[in-house]
Amino acid sequence: MNDGGARALSNGAPRGVAIAAACSFALGSVVLLGWSIESTRLVSIADGLPSMVPNTAVALVLAAASLWALGGRERPAPLRRLLGRTCAAGVVAFGLAALVQYVFGWDLGLDRLLFPARVAFTSKFPGRPPPNTALCCVLIGAALLSLPVKTRRASRLSDGAALSAAALALTALTGYVFGVGYFYGLPPLFPFTGMALHAAIAFLALCAGLLAARRDGGAFAALTASGPGGVLLRRSLPFVVLAPLVIGRLFLIGADLGAYPLAASFSLASAISTLLLGAALWVSAARLNLLDEARRQAEEARAYLATVAQSSDDAVIGTALDGAILSWNPAAERLYGYVAGEVIGKKLPIVCPPERAGEAAAIFARLRRGERVERFEAVSRTKDGRDIDIEVTVSSIADASGRITGVSTICRDIGRRKAMEAAVASAHEAERRIRSQLEAIGAACAAVSETLANLPRSESGMRAVLEVIARHAKEISGADYASLGVGEDGRRSFDAWVPSGVPAEQIARIGAIPRPVGVLGAVGRDGRPIRLDDVRAHPDFIGLPPHHPPIEAFLGVPLRFRGRSVGNLYLGKRPGRPPFTEDDERAATLLADRTCSSIETARLCRAEANERRRLEAVVEQMPEAAILVDAEGRLITCNRLALQYASHASRAAGELDPWGNAVLFDPRTPRGEPVGWADRPLTRALHLGEVVTGAEGLLSREGGDLVPVLVNAAPVRSDDGEIEGAVAVFQDISALKEMERQRQAWIGIIAHDLRQPIQVIATASHLLYARSGGQLVADGEKQLGRIASSVERLRRMIDDLLDASRIEAHELTLDRSLVDLRAQLGEIVDKSTAATAGHAVRLEVRGDVPAVLADPGRLEQIVTNLLSNAAKYGQPSGDIAVAVSADRSFAQIAVTNWGRGIPESSLPRLFKRFSRTAEGDARRVRGVGLGLYITKGLVEAHGGTIAVESTPGGATTFRFSLPLADPAPAAGA
């Protein structure tokens with residue numbers, strides 16, 4: 001239900017406050033002017049009427065100023081509030097001073113402060129306001145003081161004081177209208193004074209202004225209410241207030257003219273006033289009924305609309321024309337996060353981003369002008385600060401007269417729809433972009449494959465592959481620069497570095513190839529792509545080299561093949577260009593995955609070519625002759641030294657070997673006999689897979705002379721173990737043979753020359769002992785014994801040197817015979833008592849040991865050497881055990897002693913020539929270090945083997961085997 005009068009009164013309240021203040025100020029100022037110029041017309045309006053005293057005029061001016069300062073705004077400024085309250089306190093002070101003087105009969109002289117000499121005060125209380133005027137000042141001043149206080153009690157106090165003052169002023173005005181002095185004066189008490197007419201008018205204006213100043217509550221709110229009470233009050237109040245005054249005055253005028261008696265005038269006035277008031281009430285009641293019916297219908301419609309709005313999934317918001325929110329449905333609460341109590345009464349832009357508040361204001365301005373607003377999309381903001389996409393439908397709300405009174409706004413969340421549309425558009429764009437990138441990657445892979453197919457075995461071939469990859473990577477990703485580096489060692493430059501997009505002259509100015517350090521090294525080290533909007537922000541960034549083009553966006557992708565790095569792809573953009581996206585990274589990674597095998601193939605081809613060149617150079621520069629054949633026996637290569645051993649006569653005759661090779665060799669045995677094809681070392685390595693090491697033979701060289709050579713041959717196998725070829729190396733050992741001959745001759749000479757003086761010394765010592773007849777000087781026999789033992793030791797050393805020489809020259813001869821190990825070893829142990837003095841030697845024969853075929857003298861030499869070694873290095877006074885056993889083919893003899901043991905690091909060189917353990921005592925352990933070397937040579941000459949086992953701080957065991965004279969037959973034979 002709408003009522004234009006209520007809105008007009010509410011909107012006009014500030015203007016009414018200003019008018020009331022102006023009226024009071026004007027009347028007070030006019031009276032003060034009248035007192036100043038001694039004008040009775042201005043002071044009392046008419047002769048015979050009470051005058052307005054100066055203090056009353058001053059109180060009216062102060063009240064007007066206070067009402068203007070406190071009632072014009074809801075929240076006056078601090079200075080205005082101070083001014084208003086000060087003026088209101090002055091008004092109260094003036095009224096209270098007058099009342100106090102009346103009550104207590106005092107004359108404080110306050111009433112004659114203004115204009116005492118200008119006007120003659122003839123009253124009993126000269127210059128003093130009448131009591132009703134003073135009381136009105138107190139009431140109005142109290143109402144003004146409570147006006148800034150926004151509480152219910154203050155509102156009641158202000159309205160009560162204002163209405164009480166209005167009743168006093170209206171009573172005085174009624175007295176003036178009907179000519180009744182008792183109403184504006186108090187003749188029985190104060191017949192000399194009364195409230196002036198313009199004072200009554202000013203007080204009524206101030207009271208009206210005070211009521212209007214509290215337009216949101218109190219009495220004025222009841223007057224401006226849109227409900228039936230407000231309507232009835234607004235329609236009835238003018239008749240109730242003015243009708244009796246006007247009608248009563250009119251009938252008094254008729255009675256004064258003699259038209260009817262005075263009593264009849266009162267009867268007529270009462271009857272007509274009753275009729276008019278009744279008619280006004282009747283009309284108001286009918287109007288209220290119509291309004292109530294319209295209200296009921298409106299409430300039904302509103303209830304229906306409210307039900308629809310409450311159940312709607314869209315946010316339905318009702319607002320006033322100024323944007324104040326009046327209604328807020330549950331969907332709006334769900335959409336924006338505000339409950340209704342938080343937004344009712346606030347402006348609708350509360351749900352708008354600050355930067356879009358102007359758009360909402362423009363829409364409300366268009367609606368107020370009556371323009372139509374089509375459905376539109378907008379961005380709104382929720383309580384938690386999120387921006388959401390909405391679709392807005394705005395409709396004007398008009399009253400029965402067609403006047404627009406409000407706005408209905410329906411907001412629908414289209415975020416999901418927008419997201420779906422964006423997702424579909426993004427998917428289509430991504431599909432198009434991915435398809436384009438895949439086509440580009442396919443073209444790049446085809447170009448790389450074509451380049452790889454034509455790859456020469458050179459450095460430039462691999463560089464061509466890298467250039468194709470770098471160029472296509474730059475085009476696919478939209479980069480300005482691309483580089484491809486191969487190598488991971490940060491201490492040296494990349495093995496291969498190919499830039500793309502940088503001019504050649506700028507590359508020349510940059511100079512050296514970079515190293516995989518900084519961000520470049522981080523790509524390979526992390527093993528994952530690195531994408532940066534600004535490469536300078538990376539913690540590993542160490543700057544760009546001089547003359548390098550500036551780079552901002554960076555993308556690095558590692559190239560890995562079977563878990564191993566084969567290189568890194570680097571992409572860059574100039575400053576100001578958009579950064580690389582995830583799609584760029586994905587495309588670069590896909591290109592890297594597709595082409596890393598090609599890079600690895602190119603690298604392997606380059607490495608194979610380099611290795612081939614190195615191998616050819618090594619083979620060509622070898623000091624030995626080398627021959628390399630494939631799996632079919634065809635000659636692959638042979639160096640220049642090998643050609644010296646080729647048969648020139650066969651080549652001249654055009655002969656071919658069984659494998660079709662024109663280069664023929666004529667190998668011979670050390671005795672000069674021809675070697676068949678099947679027995680040649682290269683054939684055995686190629687067909688049988690044997691590794692032939694140190695095979696001696698003869699080869700004819702240019703000039704026809706035979707040269708002694710040492711042949712080594714071995715098969716060349718693939719990763720699967722298949723024989724793919726063979727290699728043979730011929731080493732000219734002519735110099736070695738000559739050295740061997742000279743050494744043997746030297747050893748023979750030395751042995752012969754040493755034996756003669758030793759024999760002389762031995763003979764001389766025997767003759768000296770024989771001629772002495774046993775009568776030697778003191779200590780003489782001892783010295784002769786030392787000479788004899790030294791001579792014997794020298795003989796053993798010479799024998800060891802001769803045996804070692806024979807072993808090396810493979811000229812050691814054995815006088816084999818059947819030997820009973822049990823008896824032979826027992827005899828050897830008995831003979832070795834001198835070598836094992838201080839040690840208990842025990843012989844252990846385990847089981848039946850058949851006879852062996854051996855040289856008894858050499859067997860004694862073997863066992864004696866081992867017993868002597870056990871005594872030297874074993875624990876002093878410790879036992880020595882000799883154990884004998886047999887298996888099917890060999891007899892096993894073990895010599896064990898206990899002591900310090902032999903360190904593991906010394907075991908491999910134990911059977912070398914002149915080798916002795918570091919733990920041996922040189923003063924106690926004598927010899928030249930050939931005992932174990934000779935022992936090993938003697939055992940192997942018999943066809944057996946020898947080994948040693950030792951535990952530091954425990955037992956040390958030497959085990960050797962000798963073949964049985966009659967081996968046992970195998971099981972089942």
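- Here NZ of Lys831 is found 4.5 Å from CD of Glu860. Values are rounded to the nearest 0.5 Å.
- Of the possible donor and acceptor atoms, none in the side chain of His839 sits under 3.5 Å from a partner among the backbone N and O of Ile880.
- A donor-acceptor pair shorter than 3.5 Å cannot be found between the side chains of Asn897 and Thr956.
- Here the side chains of Val691 and Pro715 are in contact, with some heavy-atom distance below 4.5 Å.
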### Query
Are Thr945 and Phe890 close enough, and set up right, to give a side chain to side chain contact (heavy atoms under 4.5 Å, CB included), and what steps lead you there?
CA-CA 10 Å; Thr945 59; Phe890 292 89; over 6 Å; no
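- One finds no salt bridge joining Arg717 and Glu722 here, because no Lys/Arg side-chain nitrogen approaches an Asp/Glu carboxylate oxygen to under 4.0 Å.
- Within the 4.5 Å cutoff, the side chain of Val882 has heavy atoms near those of the Leu867 side chain.
- Here the side chain of Asp855 pairs no donor or acceptor atom with the backbone of Leu814 at under 3.5 angstrom.
- The shortest distance between side-chain heavy atoms of Val629 and Arg634 does not fall below 4.5 Å.
- A side-chain donor-acceptor contact under 3.5 Å links Thr836 to the backbone of Ser832.
- Taking each heavy atom of Leu682 and Ala713 in turn, the nearest pair found is N-CB, 4.1 Å.
- Considering only heavy atoms from C-beta on, Leu628 comes within 4.5 Å of Val716 through its side chain.
- Rounding to the nearest 0.5 angstrom, the gap separating the CG atom in Asp630 from the CG atom in Leu686 is 8.0 Å.
- With contacts defined as side-chain heavy-atom distances shorter than 4.5 Å, the pair Val895/Thr957 does not qualify.
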### Task
Go through the steps for Val707 and Leu698 under the test side chain to side chain contact (heavy atoms under 4.5 Å, CB included), then give the verdict.
CA-CA 5 Å; Val707 179; Leu698 298 174; over 6 Å; no
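- Between Trp898 and Arg842, the shortest heavy-atom contact is CH2-NH2, 3.7 Å.
- Scanning all heavy atoms of the two residues, the minimum distance from Ile893 to Leu962 falls at CD1-CD1, 4.3 Å.
- With Thr683 contributing its side chain and Asp679 its backbone, the two residues share no donor-acceptor pair below 3.5 Å.
- Taken from OG1 in Thr896 to CD in Glu949, the straight-line distance is 8.5 Å, to the nearest 0.5 Å.
- Counted within 6.0 Å of CZ on Arg822, heavy atoms from surrounding residues, nucleotides or ligands total 12 or fewer; the atom is thus considered open.
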### Query
Step by step, would you call Ile627 with Val727 a side chain to side chain contact (heavy atoms under 4.5 Å, CB included)?
CA-CA 6 Å; Ile627 302 172; Val727 61; over 6 Å; no
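- The two residues Leu910 and Val948 have their closest heavy-atom pair at CD2-CG1, 3.9 Å.
- Under the 4.5 Å side-chain criterion, counting only non-hydrogen atoms from C-beta, Gln824 is in contact with Ile828.
- Taking 4.5 Å as the limit, every side-chain heavy atom of Pro952 sits out of range of all side-chain heavy atoms of Arg900.
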### Query
Would Val711 and Val729 satisfy side chain to side chain contact (heavy atoms under 4.5 Å, CB included), going step by step from the backbone distance to the final call?
CA-CA 6 Å; Val711 184; Val729 177; over 6 Å; no
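- Distance CZ/Phe494 to CG/Asn568: 6.0 Å, rounded to 0.5 Å.
- Of the inter-residue distances, the one linking Leu466 atom CG with Leu484 atom CG reads 5.0 Å to the nearest 0.5 angstrom.
- Considering every non-hydrogen atom in both His942 and Leu938, the closest pair reads ND1-O, 2.8 Å.
- Ala726 approaches Ala685 most closely through the heavy-atom pair CB-CB, 4.3 Å.
- At least one side-chain heavy atom of Thr669 sits less than 4.5 Å from a side-chain heavy atom of Val675.
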